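Quick notes on the structure that follows.
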Amino acid sequence: MSTITTYAAARKNPFVWLAALLSIIAAVARIVFAARTGGMDFTDVVVRIILPVAANLFIAFRLPLRGEKQFYVTVVPVVILTLYLCIAGVSISGRVAMTLLCIIVSLVFSVLYCLTFMGKLSSKILALLYFVIVCVLMGIDPQMRSFVTRYWPLNKALFTSDAAILGFILCCQLAARKLPPWKEGDPYRLRFGDRLDGRRVRSMPVMSKVTPFFMANRLNRSNYIADTVEISNMEKYIREKRREGLKHFGITHVIVASYVRTIAEMPELNRFVAGQRIYHRYEISLNMVVKKEMNKNSPDSSIKVLFEPTDTAADVYNRFDAALETAKEAGVTNGFDSITHILDYLPAVIMSLFGFLVRALDYFSLLPMALEKVSPFHGTLFITSMGSLGIPPIYHHLYDFGTCPVFIAFGHKYTKYELTKDGETVPKKYLDYKAVCDEGICDGFYYATAVKKLKSYLSHPERLDEPPAEVVEDIE
């Protein structure tokens, strides 16, 4: 990562707000132009209206909100607008030489802008100078001046939009500030291809990278695992924790703490697939559906709990129970419950369109973080206790929407009588659990190793009282 140059645009930077303002002006002017003109065919509407307006509105909101962490979000919209200006230049030129010049100039600038703000070039001066020189040459070109003079009165809205686009691209470049070189030990810096909830895993084998493209549906990538663990040590450990003051400590806490510890040592479990790309999640998050009261009429609610890879069993208990108590409080609803209550009032057709929009936003990493933070479909693990219902575990399907790659269900504990070597019959207690896993995040050997490690912690949970000796980082 030390070879990557990163840029940022702080909100207090005036060029950020000027770029956003020019983007809005360009979008509004283009909409006015479309309303006045009419009679355009589908291709014209897409190329001259929809794409430029979408690119401008995207920048108007994303640059002030995410420019400080993700300035590279400007790359795609700027390229779209640059190519649009190329098409506009071709359409007004009657000379072959001018047409070729418009195409070459636009392509060269698009490449320079991409390479600069994706971090491949160490300075923005080349892209900035190139853009300024091109604008000056356009201004002194006789045919361009003649065109503006003749058609400006007829197409004020269109020319206003194009001029605002040029100003916006210039402001974007002026707003960008190169950050100091990244050093070992510094926090991870987001770069092109990363999401706000995870960084792109770039150095994994090619076979693993292409798998999500051939198995795009998460259900098609699902593997099913069933296992059993002997829980004599676990029950003893639970009794000890309760005597220490963790009065609600139980099997769920041991399973969650064991999984968190397994992730600390095997970080590939904290990956997810989104937009057919594989990412490593920045945080460990658990989702669970709970009932406010244990009766069939009690409403369901979901909780999302964040953990650190260094958490001990006591840390997991404190974080988990705090979220659980909040969810069970009378009259308290979490963010996701509030959203679903609002959506319930929408007509079915609008709900379908909303669902399509949300899935598209999630695919392109445009989903608002406020929604993602409360969504039960996004997270490291979804867990459910069938034991609390008195039934065996089930294979619970994964959700195609969201990013959750593993779903674990565990059942009720039960007793089996077994013979010892001495011929005595002794009772032993067992717990069954089943997991459905997304094959896209890691291979079968890795999953098998993780299952063995998880089972070792479930069998000897006393090892969870101390933080891990080392937290393993996922590959770049």
Side-chain angles (χ1 to χ4, degrees), residues 195 197-198 201 204 208 211-212 215-229 251-274 276-290 302-309 311 316 319-320 323 362 372 375-387 393-411 431-458 464 472 474:
R195 292 166 54 105
D197 54 351
V201 182
M204 63 192 312
S208 300
T211 295
M215 293 188 289
N217 187 301
R218 188 171 281 119
L219 294 178
N220 293 340
R221 299 196 303 267
S222 295
N223 289 329
Y224 301 82
I225 305 171
D227 203 359
T228 301
V229 61
I251 292 175
T252 302
H253 301 99
V254 176
I255 294 176
V256 174
S258 299
Y259 199 83
V260 170
R261 183 58 53 86
T262 303
I263 288 177
E265 299 176 9
M266 305 195 69
E268 289 186 25
L269 292 178
N270 204 20
R271 292 177 179 176
F272 63 92
V273 179
Q276 270 73 64
R277 301 294 187 182
I278 300 172
Y279 299 86
H280 177 81
R281 196 182 308 276
Y282 300 124
E283 58 193 16
I284 301 174
S285 55
L286 172 135
N287 295 301
M288 188 175 189
V289 172
V290 299
S302 64
I303 61 172
K304 174 172 281 192
V305 193
L306 303 182
F307 301 101
E308 295 291 337
D311 281 350
V316 168
R319 295 178 192 269
F320 188 88
D362 193 37
E372 192 169 303
S375 167
F377 307 106
H378 296 76
T380 302
L381 170 71
F382 209 120
I383 190 169
T384 184
S385 170
M386 300 289 99
I394 62 169
Y395 289 111
H396 196 292
H397 64 86
L398 297 175
Y399 300 107
D400 262 340
F401 172 64
T403 59
C404 190
V406 179
F407 203 123
I408 292 179
F410 64 94
L431 181 75
D432 294 335
Y433 64 93
K434 295 180 177 180
V436 181
C437 309
D438 185 351
E439 182 189 11
I441 64 172
C442 56
D443 58 37
F445 181 83
Y446 198 92
Y447 266 131
T449 307
V451 168
K452 293 174 185 176
K453 190 173 289 290
L454 174 65
K455 191 170 183 177
S456 72
Y457 282 117
L458 294 174
L464 302 171
V472 180
D474 201 352

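Treat the numbers as computed from the prediction; the structure is a model and nothing was measured.
Considering every non-hydrogen atom in both C404 and F382, the closest pair reads SG-N, 3.5 Å. Heavy atoms only, all atoms of each residue included: C442 and E268 are closest at CB-OE1, 3.2 Å. Minimum heavy-atom separation, H378 to F401: CE1-CZ, 3.7 Å. When all heavy atoms are compared, the tightest approach of L398 to L219 is O-CD2, 3.2 Å. The two residues C437 and V406 have their closest heavy-atom pair at SG-CG1, 4.3 Å. In plain terms, the two heavy atoms of M386 and A409 that are nearest each other are CG-CB, 4.3 Å.
A 4.5 Å side-chain heavy-atom check between N287 and S302 finds every atom pair outside the cut-off. At a threshold of 4.5 Å between non-hydrogen side-chain atoms, the residues I255 and Y433 do not count as touching. Looking at F307 and S285, their side chains never come closer than 4.5 Å, going by heavy atoms from C-beta outward. A 4.5 Å side-chain heavy-atom check between R277 and P212 finds every atom pair outside the cut-off. Looking at heavy atoms from C-beta onward, K434 lies out of side-chain contact with Y224 at the 4.5 angstrom threshold. Residues M288 and T384 fail the side-chain proximity criterion, which asks for heavy atoms closer than 4.5 Å. In this structure, Y457 and E265 have side chains that are in contact, with non-hydrogen atoms separated by less than 4.5 Å.
Using the six-membered ring where Trp is involved, F407 and H396 have ring planes that are parallel, under 30° apart on the 30 and 60° scheme.
Distance check, rounded to the nearest 0.5 Å: CD1 of I383 to CD1 of I408 gives 5.5 Å. Atoms CD and OH, from E439 and Y446 in turn, are 15.5 Å apart once rounded to the nearest 0.5 Å. Distance OG/S258 to CG/L458: 4.0 Å, rounded to 0.5 Å. In this structure, CG in D227 is found 4.0 Å from NZ in K455, a value given to the nearest 0.5 Å. The distance from atom OG1 of T211 to atom CE of M204, rounded to the nearest 0.5 Å, is 8.0 Å.
Just one residue in the list V254, I284, L269, L286 forms a side-chain contact (heavy atoms from CB on, under 4.5 Å) with Y259, and that residue is L269.
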Query raised in the report: Checking side-chain contact (heavy atoms from CB on, under 4.5 Å) for the pair D362/F377: CA distance, chi angles, key distance, verdict?
Result: CA-CA 11 Å; D362 193 37; F377 307 106; over 6 Å; no
Query raised in the report: Given the rule in the side-chain contact (heavy atoms from CB on, under 4.5 Å) test, do T403 and Y279 qualify, once you have shown the distances and angles that lead to the verdict?
Result: CA-CA 10 Å; T403 59; Y279 299 86; over 6 Å; no
Requested in this report: Verify ring pair (Phe, Tyr, Trp, His ring centres under 6.0 Å) between H397 and Y399, making sure each step is shown before the conclusion.
Outcome: CA-CA 7 Å; H397 64 86; Y399 300 107; 5.2 Å; yes
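In this structure, the side chain of S375 does not engage the main chain of E372 through any donor-acceptor pair within 3.5 Å. Side-chain atoms of D311 do not come within 3.5 Å of backbone N or O of V260 as any donor-acceptor pair. Between the R271 side chain and the I441 main chain, a donor and an acceptor come within less than 3.5 Å of each other. In this structure, K453 contributes its side chain and R261 its backbone to no donor-acceptor pair below 3.5 Å.
With respect to R218 and D438, a salt bridge is recorded, a charged nitrogen being found less than 4.0 Å from a carboxylate O. Ion pairing between a basic and an acidic side chain is recognised when a charged N comes within 4.0 Å of a carboxylate O; R281 and D474 show no such pairing.
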